Amino acid sequence: MTTVPEPMLDLYAEHRDEAAFLRERRVRLDGMLEGDARHERMLDRRLCAHLDALQVGADDAFALVAPWLASKAPHERYVALAATLPTSRAGEALAPLQAGVPITLEVAVRAALEHYGQGTALAALESWLATGDGRHQSLALRVLARWGDPRTEKIARRALRREGSDVHRAALDALATIGARDVV
């Protein structure tokens, strides 16, 4: 096992910290309805560049982002997942989610799964749909809808027949996302 040189660790830490700052800024921008599309695209490009650097050095950078996989700060959790999900470390990124996703982090976790987990998180989402609690099922259903998974409509309509308002809301949201005409 090779040791990562200290300058590289410092560089990865800078990428991690800057990505967290940009994610927090982007969410604040959306929440305050400030800025314009050009500004949003600029922030998104900068955020993606930092995440790309962390993904390329996934094995070396993992030690720096791993503590954030359990963070209570949404921007930190997002960065840890986004930097890890598209890599060989995806299983380690998904493991903490099995225990549950705090409601305060749900939007950040869902966004990271939607944008970065399509190739690696499908098995976890399918497991949540089959055996998870209502919150896991709702999260999985919304993510599948954003991915455009062809099974979304069937799963969402089946979810509407079950108990649980969270799952019902997620099912309606998923049907709306995929453009089901009768969702109203």
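Owing to the predicted nature of the structure, the values given are computational and were not obtained by experimental measurement. The analysis underlying the following values was restricted to heavy atoms, covering all of them including side chains, and did not include hydrogens, waters or symmetry mates. When a residue number appears, it is its place in the shown sequence, counting from 1.
- Contact check for Val107 versus Pro74: no side-chain heavy atoms found under the 4.5 Å cut-off.
- Under the 3.5 Å distance criterion, the side-chain polar atoms of Thr120 are matched with a main-chain donor or acceptor of Leu85.
- Hydrophobic clustering (side-chain heavy atoms under 4.5 Å, transitive across Ile, Leu, Val, Met, Phe, Trp, Tyr) keeps Val167 apart from Ile155.
- Residues Val143 and Arg110 have side chains in contact (heavy-atom distance under 4.5 Å, counting atoms from C-beta outward).
- For the pair Leu54/His50, no side-chain contact is recorded, criterion being any heavy-atom separation below 4.5 Å from C-beta on.
- Gln55 places a side-chain heavy atom less than 4.5 Å from the side chain of Asp52.
- Interatomic distance, CG of Leu139 versus CD of Glu114, reported as 8.5 Å (0.5 Å rounding).
- Once rounded to the nearest 0.5 Å, the distance linking CG of Asp166 with CZ of Arg169 reads 5.0 Å.
- Heavy atoms only, all atoms of each residue included: Gly100 and Pro102 are closest at O-CD, 3.9 Å.
- The 12-atom threshold is not exceeded at CZ of Arg146, counting heavy atoms of other residues, nucleotides or ligands nearer than 6.0 Å.
- Nearest heavy atom pair, residue Ala13 against residue Leu64, reads N-CD1, 3.6 Å.
- Counting heavy atoms from C-beta on, the side chains of Leu81 and Tyr116 never come closer than 4.5 Å.
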Residue pair Phe21, Leu47: steps toward the side chain to side chain contact (heavy atoms under 4.5 Å, CB included) verdict: CA-CA 9 Å; Phe21 169 76; Leu47 174 58; over 6 Å; no
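- In the hydrophobic clustering of ILVMFWY residues, with side-chain heavy atoms under 4.5 Å counting as a link, Val65 and Met8 come out together.
- Under the 4.5 Å side-chain contact rule for hydrophobic residues, Leu22 and Met42 share a cluster.
- Within the 4.5 Å cutoff, side-chain heavy atoms of Leu144 are placed close to those of Leu129.
- Atom CG of residue Leu175 and atom CZ of residue Arg181 lie 14.0 Å apart, to the nearest 0.5 angstrom.
- Between Ala19 and Val79, the shortest heavy-atom contact is C-CG2, 3.6 Å.
- Residue Ala111 comes nearest to His115 through the heavy atom pair O-ND1, 2.8 Å, listed as atom of the first residue, atom of the second, then distance.
- Note on Glu106 versus Arg77: no salt bridge recorded, every NZ/NE/NH1/NH2 to OD/OE distance being 4.0 Å or above.
- Checked by atom type and distance alone, the side chain of Ser127 never pairs as donor or acceptor with a backbone atom of Ala123 at under 3.5 Å.
- Atom CG of Leu29 sits about 12.5 Å away from atom CD of Glu24, to the nearest 0.5 Å.
- Put simply, the side chain of Arg28 does not reach to within 4.5 Å of the side chain of His75, judged on heavy atoms.
- Scanning all heavy atoms of the two residues, the minimum distance from Glu76 to Ser71 falls at OE1-OG, 2.6 Å.
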Determine whether Leu113 and Leu94 satisfy the following criterion, side chain to side chain contact (heavy atoms under 4.5 Å, CB included), listing intermediate values before the conclusion. CA-CA 10 Å; Leu113 285 167; Leu94 291 166; 4.0 Å; yes
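- Note that CZ of Arg23 is 5.0 Å distant from OH of Tyr78, once rounded to the nearest 0.5 Å.
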Check the pair His39 / Arg26 against side chain to side chain contact (heavy atoms under 4.5 Å, CB included), numbers first and verdict last. CA-CA 10 Å; His39 187 214; Arg26 180 65 166 89; over 6 Å; no
Starting from the C-alpha separation in whole Å, work towards a yes-or-no answer on side chain to side chain contact (heavy atoms under 4.5 Å, CB included) for Asp149 and Ile178. CA-CA 9 Å; Asp149 189 289; Ile178 64 169; over 6 Å; no
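- Listed by chain and number, the residues in a ring pair (Phe, Tyr, Trp, His ring centres under 6.0 Å) with Trp128 are His136 (sequence neighbours excluded).
- Judged by a 6.0 Å distance limit and a 45° cone about the ring axis, Arg16 is positioned over the six-membered ring of Trp68.
- Under 4.0 Å is where a charged nitrogen must lie from a carboxylate oxygen, and between Glu18 and Arg46 at least one such pair does.
- The two residues Gly57 and Tyr12 have their closest heavy-atom pair at CA-OH, 3.3 Å.
- In this structure, Leu43 and Arg25 have side chains that are in contact, with non-hydrogen atoms separated by less than 4.5 Å.
- Residues Arg41 and Asp44 are not paired through a salt bridge, judged by the lack of any N-O separation under 4.0 Å between the basic side chain and the carboxylate.
- Put simply, OG1 on Thr104 and NZ on Lys72 are 8.0 Å apart, with the number rounded to the nearest 0.5 Å.
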